[in-house]
Amino acid sequence: MPLLRITVTEGSAALHGSSAPLLSALRDALAEDAGPITVMVHGFRYQPGRAGNCPHETLFAREPRTTRRIVGWPRHLGLRGQAGEGLGISFGWPARGTVWQAFEQADLAGRALATLLSDIRTLAPERPIHAIGHSMGARVILRAIRDSDPETLRRVILLAGAEFEETAKICLTSPAGLHTQVLNVTSRENDVFDFMLEHLIPAPGKRSKMLGHAAGGSLSTPNMVTLQLDDANSLQALRRAGFRIAPAERRICHWSPYLRAGVFPLYRAFLSGQMPLVQLRATLPDTHTPRWSRLFPRPRPAHPVVLTAH
């Protein structure tokens, strides 16, 4: 299974660290394995080619240097280099600088990703294309969906998505968005990060919230299911379905959706179609805990004291 490294440079996708034509390399990589195409997109603070922050050498490497917040996505997604696994695409974009700069760059990277997806569809029109992105990587993917033709991206996983509900809804109700199945993974561990972005980034609406709160907000589409990863009822339901995901251990964590033990078997099952969206919807509870419920948990009511006569 080939793993193609692609980096957005000056608004366009190109081979990472090479001047060779992207289209030719893409054609060769697609011919090497006939399986599905899986695009992986990172979030804030990564920079292709920058030592220690290059996503191609860390998150999207099969054997990255192990650190506290790094796991190799390809290996955990089942992209281990064996025949039949398909093509893995490590999609890097300039996500350093200020949060405002990165948020703007994510939009530009999304447009570049849409062009790349169009090229893939031209070269391999029958091959399914999936994508998974963390934080602002979700914004990249959503923008790409909005700019793509229908049925371009088949399944998408958004991990702690750093995008506003209203913007996400525009993308997911676009002609391409309506044909894309989306697993929206959130957690109250991420509330602080969501709150900060809502107050730093100019919002599209007066009371706009991040995608992590979409289950109880304005975003409701038949092609998206939200999983609250720190909800005990959700984890219990998934355990009954055969997915044993470890419970949350921290009150604040932005990286939990890919660091938590047991999450990747679920992601693999969803992307492969073994756990379809309709089954996930039937498995997971409809309700989710509110914002700040993990950081400031409500005390359990004391058991009433019953007095008995002697």
Step-by-step side chain to side chain contact (heavy atoms under 4.5 Å, CB included) determination, His42 to Thr58: CA-CA 10 Å; His42 62 84; Thr58 54; over 6 Å; no
From CA spacing to verdict: side chain to side chain contact (heavy atoms under 4.5 Å, CB included), Met40, Leu77: CA-CA 10 Å; Met40 300 166 289; Leu77 287 170; 4.0 Å; yes
Intermediate values then yes/no, side chain to side chain contact (heavy atoms under 4.5 Å, CB included), Arg5 and Phe91: CA-CA 6 Å; Arg5 296 178 170 185; Phe91 190 83; over 6 Å; no
Val156 and His130: CA distance, side-chain angles, deciding distance, side chain to side chain contact (heavy atoms under 4.5 Å, CB included) verdict: CA-CA 6 Å; Val156 161; His130 311 307; over 6 Å; no
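In terms of modelled atom types and a separation under 3.5 Å, the side chain of Asn223 and the main chain of Gly177 share a donor-acceptor contact. Using modelled atom types, no side-chain atom of Glu104 and backbone atom of Gln101 make a donor-acceptor pair closer than 3.5 Å. Thr122 contributes a side-chain N or O that, together with a main-chain N or O of Ser118, makes up a donor-acceptor pair within less than 3.5 Å. A distance-only check finds a donor-acceptor pair linking the side chain of Arg127 to the backbone of Ala34 [under 3.5 Å]. Ser12 contributes no side-chain N or O that, together with a main-chain N or O of Thr9, makes up a donor-acceptor pair within less than 3.5 Å. In this structure, Arg111 contributes its side chain and Ala144 its backbone to no donor-acceptor pair below 3.5 Å. At least one donor-acceptor pair closer than 3.5 Å links the side chain of Asp231 to the backbone N or O of Ser234. Of the possible polar contacts, one joining the Arg294 side chain to the Arg250 backbone as a donor-acceptor pair under 3.5 Å is found. A donor-acceptor pair is defined here as one N or O able to donate and one able to accept, closer than 3.5 Å; no such pair exists between the side chain of His16 and the backbone of Val8.
Between the side chains of His56 and Thr7, a donor-acceptor pair is found at a separation under 3.5 Å. Side-chain contact annotation: His288 with Thr226, donor-acceptor N/O pair under 3.5 Å absent. At a cut-off of 3.5 Å, with distance as the only test, no side-chain donor of Ser148 or Thr152 sits close to an acceptor on the other residue.
Interatomic distance, CD of Gln47 versus CG of Asn53, reported as 8.0 Å (0.5 Å rounding). If you take CG on Leu172 and CG on Leu142, they are separated by 5.5 Å, rounding to the nearest 0.5 Å. Separation of atoms CD (Gln181) and CZ (Phe270) is listed at 5.5 Å; rounding is to 0.5 Å. Rounding to the nearest 0.5 Å places CD of Glu57 at 11.5 Å from CD1 of Ile70. Between atom CG of residue Leu3 and atom CG of residue Leu87 there is a gap of 8.0 Å, rounded to the nearest 0.5 Å. Atom CD1 of Ile245 sits about 13.0 Å away from atom CD of Gln236, to the nearest 0.5 Å.
A salt bridge does not link Arg188 with Asp230: none of the charged nitrogens is closer than 4.0 Å to a carboxylate oxygen.
Within a 6.0 Å radius of CZ in Arg96, other residues, nucleotides and ligands contribute more than 12 heavy atoms.
Clustering ILVMFWY residues whenever any of their side-chain heavy atoms sit less than 4.5 angstrom apart, transitively, puts Val182 in a cluster other than the one holding Val278.
The residue from Arg260, Arg251, Gln228 that alone fulfils the side-chain hydrogen bond (donor to acceptor under 3.5 Å, both in side chains) condition with Glu189 is Arg260.
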